[in-house]
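Report on one structure; see the data block that follows.
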Amino acid sequence: MGLYREKNPSFGNSFSIFPNDRKMNNDKFLVLEWNAHPRMLQTCMGYNDARVTCDFYSNTSKYQVEYCEYRIVKRKDKDGKLRPKRIQVTTEFKEYWQCLAGSDPSRIRELIENFSGKTVTWASIYQGDPMEMSVKQRRDNFTRLITGTFTNGGWVPPLSYLNESNAICMVNEINGLSDLLYTLMSAAVAYIEERSNNRQKIVDIKNIIQSIKTSDEVGSEEIKKIHSCTNSDPTIVKKVYDYAYEGNVISLNDPPGIYIVSFNDEMFLVNDEPVPKEWIRWTRGFPESPKYPQRWQHLEFGPSDDDPFFLGDISVSNGVTEEPLKGGYQILEQIEVGIRLNHFNRQNMDELFFPISVKQGDTTCNDSETCREMKQYLENAEKYHQTEIKELK
Amino acid sequence: MNSLQDGIFYNDADRPRKFFAILFFRINRDKNSKQVGEFLANLWNMYMNLKNGRIGDLPDHTIPHGDSEFLIAYGLSCFSIRGIKLNAPGDLSRIGTFRPASPGMPILTGSGLRYADEVSSNPAAEDIVVQVTSNNQLGVYRSIVETWKTIYDHSTSKENADIVSLVNFQTGFQRDDFRSWLDFHDGLSNMKSGNERLSVIKIKDIVDQDYLWAENSTYMVYLRLAIDLEVWRNLTRAQQEILVGRDKLTGCPIISIDKEGNPVPKEGCPAPGSIDISEGVENEKFRTSGDVSDKRLRESHISRAHHTSNEFAESVGSSRIFRQGYEFLENINFPPFFRAGLNFVSFQNSPVRFVNILTRKEWLGRTNFGGNPDMPIKGSNNLVSVLGAGIFFVPPKIESELFPGCRIFL
């Protein structure tokens, strides 16, 4: 990011990664939040097909693109049939886990064993004994097995089952820390319409995004990777741009991360009563305090292994009627995730307005190539995995 | 041409009419959709004549029309009549009603809004509604009487008798002071007039093949809310301000609470030269709650009802809705012999937006109006009660059709 700023001085002038860079008050923050369920999937397919598709492909996080991912943990019932037992949700960045894997293998192993409920070998995490590896080797092996990585050929998903069957960290290629930082950087600029004399603000969020993505002035392809058909990116861009235009510097609140801001657990019932509190287990974060809301990054929802209930015994209310809980998509619908940002107001904005050519943004999200691909994936699943799809429906 | 129906005033240039009525119709289940459709065509024709200042009993004579607007919408139950041509649209079939009425019970699972103690059946859970708005009171009252005349005249033959009945109506009025019966500012939206509001109202990205024609449709939510002014009067001004999240006089958002427990309004508000936030564009930025860190203020009504943490209005997850409410004051036969309240009307492209607001813990979930539902400020968990509640599909206005939603019946 530092190198980027050298080439493009106007960029990131309204953004710094940590509040201490600009001596901001960490206790004065604003919260940005958005729905965790994938917006484009539902826009393309409608609720029922979106739910089935997302749940069927949940182990690879294929369509979970709102900086929040889930896995369905399955166990055998008394008849020996493998059934969904509980859901694990995570908002942790893979980058954090990759760093931790390099420096503290014991802690990594302890965390994974906590999530999975089973003993885990070094081989399944590091492809060998990490004590005999360098920090870089540990990180590289862990990345290949657990988080997935970009290579010259593109995105390579994780090779191990561990992050498929438990939500260790986010693995979808666009749910990364760099994606968040680039979105913040691209939004934290006081864009103005280049032909206006009075520093005209760009009002429509779709136009802001389209203008950034098609701008010759912006230049970098990384900066332009804003996804306009998600819940997350437009929410972030709109708020951060508004703040930058008004002369604020923005930074991530310390500690930085995506957090589960709220979970509407009261919509989930078993035998017409709210689910037991012990079925809702929060880890990796901070509980609610009298002054501040909760900040958790891991949620495990559902009965434990020694509890006879399964996920299907739980129903979820839409406010009026109840339907059986089939998978994690219905959990995501009741979750809001978000980030905290610090800000302070500069007085002098004169040098910071950035003229940009304003382009009209697209308003539809359901007729693109991605929608067709999503529908094709569901058709393939229906054709080759009929039993599983039938159970999800 | 296909457009949003009249009576949804999302453009500042088109001011909401001053008076309101909502009429509730019930379909006779012995009749079929063709009979209902033919009656509705007749009814709609009457409304369009009223809009142009004409009534059947005074041919060739024009009456003042009061700039009346008419909107027709359909409840989930409408789609079960014999011979209906279309299934209910997706979101209506998923969330098409509130919970059945029961005294003191929530209208939705997870909501702190409950039916009033005297409500054992929901007067708003009907098949069809018509919203009338007009700039004079006669305009709305006349439409009610003309509706009865149309039903009466249509029922002259045995075959056409009792196809649809007018079973209930409610009326209301707009205030000109931008306040509610609580004396606080209300209804000041920061959503930009025009496209931003339209992105919340209009159904788009239609997946259901049967409803590809329904671009420019929307959903209407209606609640008739009673306000217990005695509960409100027993709160101090400071308690009221913390609960609402605004200064009582100026409407300025409360941004902190000092050590003595006094609410502190935002500095610089209202804009110089104005007495409150309803005046002028300079005060627009003060109409939302602002970004508050204090948990007590995050629980205020305006913070709960509108999260400034998500202002991407187009996303259902933002839970933004377009409100267009009308106050009421009605006579009752027990002390204090009047009841004050609000005809809450909202338009949104999915009822999920509204359900989220009422059921999510960070929004108004479990709270009646605001505050902490586990430690409510005295009596505030009974401030508002529901006299009636309904969700309705509002099809677009299509010039070639006899009435909006015609193809559902004919």
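Chain identifiers are assigned alphabetically (A, B, ...) following the order of the sequence lines, protein sequences preceding nucleic acid strands; residue numbering begins at 1 within each chain.
Taken from CD in A/E333 to CG in B/N356, the straight-line distance is 8.0 Å, to the nearest 0.5 Å. If you take CD1 on A/I205 and OG on B/S199, they are separated by 11.0 Å, rounding to the nearest 0.5 Å.
At distances below 3.5 Å, at least one donor-acceptor pair connects side-chain atoms of A/N264 with backbone N or O atoms of B/K361. Remark: side-chain polar atoms of A/N318 are paired, donor with acceptor, to backbone N or O of B/R94 under 3.5 angstrom.
When every heavy atom of B/S315 is checked against every heavy atom of A/N231, the shortest pair comes out as OG-OD1, 2.7 Å. For A/N35 against B/G317, the heavy-atom pair with the smallest separation is OD1-CA, 3.0 Å. Taking each heavy atom of B/F312 and A/S228 in turn, the nearest pair found is CZ-O, 4.5 Å. Contact between B/E362 and A/V261 at its shortest, heavy atoms only, is OE2-O, 4.1 Å.
Put simply, of A/G46, A/P234, A/G338, the one with the most heavy-atom pairs under 4.5 Å next to chain B is A/P234. In terms of heavy-atom pairs under 4.5 Å with chain A, the best-connected choice from B/L358, B/T359, B/V352 is B/T359.
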### Task
Start with the C-alpha distance between A/E336 and B/R360, add both sets of side-chain angles, then the distance that settles salt bridge (Lys or Arg N to Asp or Glu O under 4.0 Å), and finish with yes or no.
CA-CA 10 Å; A/E336 289 182 70; B/R360 287 180 183 244; 3.7 Å; yes
### Task
Go through the steps to decide whether B/T109 and A/V320 satisfy the test side-chain contact (heavy atoms from CB on, under 4.5 Å), and finish with yes or no.
CA-CA 6 Å; B/T109 301; A/V320 184; over 6 Å; no
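Counting non-hydrogen atoms of neighbouring residues, nucleotides and ligands closer than 6.0 angstrom, the CG atom of A/D272 reaches no more than 12 such neighbours. The local environment of CG in B/N262 is crowded, with over 12 non-hydrogen atoms from other residues, nucleotides or ligands closer than 6.0 Å. Few gaps surround CD on A/Q376; more than 12 heavy atoms of other groups in view lie less than 6.0 Å from it. The number of heavy-atom neighbours closer than 6.0 Å to CG of B/N195, taken from other residues, nucleotides and ligands shown, is 12 or below. At most 12 heavy atoms of other shown residues, nucleotides or ligands fall within 6.0 angstrom of atom NZ in B/K266.
For B/R353, the salt bridge (charged side-chain N to carboxylate O under 4.0 Å, His left out) criterion is met by no residue, not counting sequence neighbours.
Heavy atoms of A/S317 lying under 4.5 Å from chain B belong exclusively to its side chain. Heavy atoms of A/E288 lying under 4.5 Å from chain B belong exclusively to its side chain. Interface remark: B/I206 contributes backbone atoms only to the contact with chain A (heavy atom separation under 4.5 Å). For chain B, the nearby part of A/F263 is the backbone; its heavy atoms alone come within less than 4.5 Å. Residue A/I339 does not touch chain B at all, counting heavy-atom pairs closer than 4.5 Å.
At a heavy-atom separation below 4.5 angstrom, chain A is approached by B/T97, B/F98, B/R99 within residues 96-106 of chain B.
We find that A/E246 and B/K285 are not joined by a salt bridge, their nearest charged nitrogen and carboxylate oxygen being 4.0 Å or further apart.
Annotation: side chain of A/Q42 is not in contact with side chain of B/V316 (no heavy-atom distance under 4.5 Å).
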